[in-house]
Every structure is written in structure tokens, then in C-alpha cells.
Amino acid sequence: DALNKSLGAGQDQLGLAKSFDEIVNALLTQLMVKTLQNGLSSVSGNQGYASDYYTPEQLQAQKDAEAMLADMQGKVVVAQQYGSAQQGSISDIQNAQERLNALANCWEAASSSESHTESQRATARVNADNALAALHSYDAQINTYNTNITHANEGIAKLQELQTLVLSVTSAADVAAVKTAYENALASGTIITSADVTTAQQDRSALQSRLASRNQQTASELTQCYAF
């Protein structure tokens with residue numbers, strides 16, 4: 001049970017990752033509905049123009065707002081790709097941890113088997129401890145990936161806030177204010193970029209390569225345990 005609980009700790013950490021797609025999909029749906037229903041047709045001047053008449057400034061404001069909204073929606077998709085890569089890395093690690101957990105259980109059973117000598121049982125206990133150490137060596141990485149997912153979620157929340165502002169602009173000044181806030185969020189690193197996605201995907205490929213070697217080693221050690 002203790003071994004299974006140690007593995008479960010990593011699975012609990014994945015809870016945040018599992019909710020990531022749901023958050024993104026709900027946000028995208030909400031924004032699409034808002035845009036389709038309301039658009040930016042409510043942009044009107046401060047001088048009492050009719051709703052079907054726009055000054056050049058207003059027309060440019062509407063155009064800029066629509067472009068900014070489209071760009072923000074694109075950034076949400078980028079964040080989704082980033083979160084998917086981070087979540088995938090967690091899943092890759094948990095797969096390796098499950099194999100290590102099976103190995104630790106095998107050696108743990110051998111360490112208490114009456115059919116083995118005391119020397120053999122001592123060897124089995126050492127091997128069980130080594131398997132557990134290898135399993136927990138990935139815990140910090142899972143924490144890092146979950147932190148990255150939290151970062152992506154925070155970026156999406158910021159995008160939602162900014163998109164809500166875009167949908168309520170009434171003047172060129174409003175558009176300029178939202179644009180400045182958007183640029184500040186991008187500059188601060190709050191919003192995930194395409195470069196972040198590329199790095200995350202490359203990091204996952206490297207991780208998968210390392211885990212492939214670890215899994216081969218685990219399989220070999222498990223065969224030894226069964227024959228012990």
C-alpha cells in the first residue's frame with residue numbers, strides 16, 4: 001500500500017493537468033459565442049452617431065479590436081498546445097513510475113520470502129529501496145510540469161480578462177488601452193508564446209528518450225527479480 005500511495009502522489013499532481021483542456025475548451029466556447037452574438041458592432045462614438053454610422057476613427061478602432069481579439073484567441077490555442085506538452089510529459093513520467101513501482105513491489109516481496117536466505121533477502125531489500133528511489137527521483141519534475149501548467153492557466157485567465165475588455169470597447173482610446181495592457185502581459189511572460197511551445201515539445205522529446213532507457217533498464221531488472 002505504501003508503494004502504491006507513493007505512486008499515487010504523482011497521480012494526484014496530475015489533477016491540475018487533467019483539468020487544463022476543460023478550462024481551455026470552455027473558454028474558447030464562451031468567447032466564440034460572445035463574438036458571434038455581439039461582435040464589436042456596439043462600438044459607437046461619444047457624439048451620438050447612429051449605430052449604423054461610424055467615423056473613420058471608429059472604423060479603425062473596430063478593425064484593430066477585431067484583429068487583437070483574433071490574436072488573443074490564437075494565444076489561447078498556443079497555451080493549450082503548451083499545456084498538452086506539459087501534461088504529456090507528466091503522463092510519460094507516470095508510466096515510468098508505474099513500472100518502477102512494479103519492480104519495487106517485486107523486490108519487496110522477495111525481501112520477505114521465506115524461500116530466500118537472509119543474504120538474498122537483504123539484497124532484495126536494497127533493490128527495492130533503489131527502485132523506490134528511482135521512482136521518486138521524478139517527483140520534482142512532475143512538480144515543475146504542474147507549475148508550468150498553472151502558469152499557462154494564469155495566462156489564459158489574463159487573456160479572458162483582456163478579451164472581455166476588447167468586446168466592450170467603445171472608442172479608439174479604449175482599444176489603445178487594451179492594446180497596451182496586452183503588450184505588457186506579453187512582455188512580462190504572463191502569456192504563453194509559440195517559442196514556449198517549441199521548447200516544451202523539444203523537452204518532452206528529450207524526456208521520452210531518457211525514459212525509454214529507464215524503462216528498458218526497469219524491464220531488465222524486473223526479469224532478474226522474477227528469476228531471483
Side-chain angles (χ1 to χ4, degrees), residues 1-25 75-113 116 120-156 189 192-228:
D1 291 342
L3 296 179
N4 289 328
K5 184 176 181 181
S6 68
L7 180 58
Q11 294 172 332
D12 290 341
Q13 291 171 322
L14 184 56
L16 177 60
K18 287 181 178 179
S19 66
F20 184 84
D21 288 340
E22 297 174 4
I23 293 172
V24 172
N25 290 334
K75 290 295 191 299
V76 171
V77 174
V78 168
Q80 184 179 33
Q81 294 171 339
Y82 179 83
S84 178
Q86 300 296 323
Q87 181 176 332
S89 294
I90 291 175
S91 297
D92 294 336
I93 289 177
Q94 286 193 317
N95 177 270
Q97 286 183 315
E98 288 172 359
R99 296 168 187 241
L100 286 164
N101 191 56
L103 178 61
N105 283 333
C106 179
W107 285 120
E108 186 69 27
S111 71
S112 59
S113 174
H116 295 319
Q120 289 176 315
R121 289 195 291 271
T123 297
R125 280 193 292 272
V126 170
N127 290 340
D129 289 342
N130 289 340
L132 280 176
L135 185 157
H136 289 298
S137 69
Y138 296 105
D139 290 348
Q141 286 180 264
I142 289 179
N143 289 336
T144 297
Y145 292 131
N146 272 318
T147 297
N148 292 342
I149 290 171
T150 298
H151 176 206
N153 279 329
E154 291 172 347
I156 289 174
I192 300 298
T193 66
S194 295
D196 294 327
V197 174
T198 298
T199 298
Q201 292 172 338
Q202 291 174 342
D203 288 347
R204 186 185 180 193
S205 294
L207 172 67
Q208 288 174 325
S209 179
R210 295 193 301 272
L211 290 176
S213 297
R214 174 65 259 187
N215 290 339
Q216 289 179 351
Q217 180 181 344
T218 301
S220 176
E221 292 175 2
L222 190 58
T223 298
Q224 294 174 11
C225 181
Y226 289 150
F228 188 68

* Ser209 side chain to Ala206 main-chain N or O, any donor-acceptor pair under 3.5 Å? -> no
* To do: Hey, could you give me each pair passing salt bridge (charged side-chain N to carboxylate O under 4.0 Å, His left out) that has a residue in residues 213-228? Not counting sequence neighbours.
  => Arg214-Glu221
* To do: Hey, could you give me each pair passing ring-ring contact (aromatic ring centres under 6.0 Å, His included) that has a residue in residues 202-228? Not counting sequence neighbours.
  => Trp107-Phe228, His116-Phe228
* Nearest-0.5 Å distance that lies between atom CG in Asp196 and atom OH in Tyr82 -> 6.0 Å
* **Side-chain (Ser113) to main-chain (Ala110) donor-acceptor, under 3.5 angstrom** => no
* Asked: Are His151 and Asn148 linked by a side-chain donor-acceptor pair shorter than 3.5 Å?
  -> no
* Identify, with sequence neighbours excluded, every residue that meets side chain to side chain donor-acceptor pair (under 3.5 Å) alongside Thr198. => none
* Report the distance from atom OG of Ser91 to atom CD of Gln86, rounding to the nearest 0.5 Å. => 11.5 Å
Less than 3.5 Å apart, which donor and acceptor atoms pair up between the side chains of residues 122-133 and the rest of the protein, not counting sequence neighbours?
{"from": "Thr123", "atom 1": "OG1", "to": "Ser119", "atom 2": "O", "distance (Å)": "3.1"}
{"from": "Arg125", "atom 1": "NH2", "to": "Glu118", "atom 2": "OE2", "distance (Å)": "3.0"}
{"from": "Asn127", "atom 1": "ND2", "to": "Thr123", "atom 2": "O", "distance (Å)": "3.4"}
{"from": "Asn130", "atom 1": "ND2", "to": "Val126", "atom 2": "O", "distance (Å)": "3.4"}

* How long is the gap from CD on Gln80 to CD on Gln87, to the nearest 0.5 Å? -> 10.5 Å
* Residue pairs, two or more places apart or on separate chains, that pass salt bridge (charged side-chain N to carboxylate O under 4.0 Å, His left out) and touch residues 199-209 -> Asp92-Arg204
* Spatial distance of atom CG (Leu211) from atom CD (Gln94) [nearest 0.5 Å] -> 11.5 Å
* Asked: What is the distance from atom CG of Asn101 to atom CG of Leu135, rounded to the nearest 0.5 Å?
  -> 6.0 Å
* To do: Not counting sequence neighbours, which residues clear side-chain contact (heavy atoms from CB on, under 4.5 Å) with Glu154? List them please.
  => Thr150
* Would you check if the side chain of Ser89 reaches a backbone N or O of Ala85 as a donor-acceptor pair within less than 3.5 Å? => yes
* Asked: How long is the span from the OH atom in Tyr138 to the CG atom in Leu100, to the nearest 0.5 Å?
  -> 6.5 Å
* After noting the C-alpha distance and the side-chain angles of Asn153 and Ile149, does the key distance pass the side-chain contact (heavy atoms from CB on, under 4.5 Å) rule? -> CA-CA 6 Å; Asn153 279 329; Ile149 290 171; 3.9 Å; yes
* Asked: Knowing that exactly one of Glu98, Gln97, Arg99 qualifies, which makes a side-chain hydrogen bond (donor to acceptor under 3.5 Å, both in side chains) with Asn95?
  -> Arg99
* Are the side chains of Ser220 and Gln224 in touch, meaning some heavy atoms are under 4.5 Å apart? -> yes
* To do: Could you tell me which non-hydrogen atom of Ile156 sits nearest to which non-hydrogen atom of Ala79, and how far apart they are?
  => CG1-CB, 3.8 Å
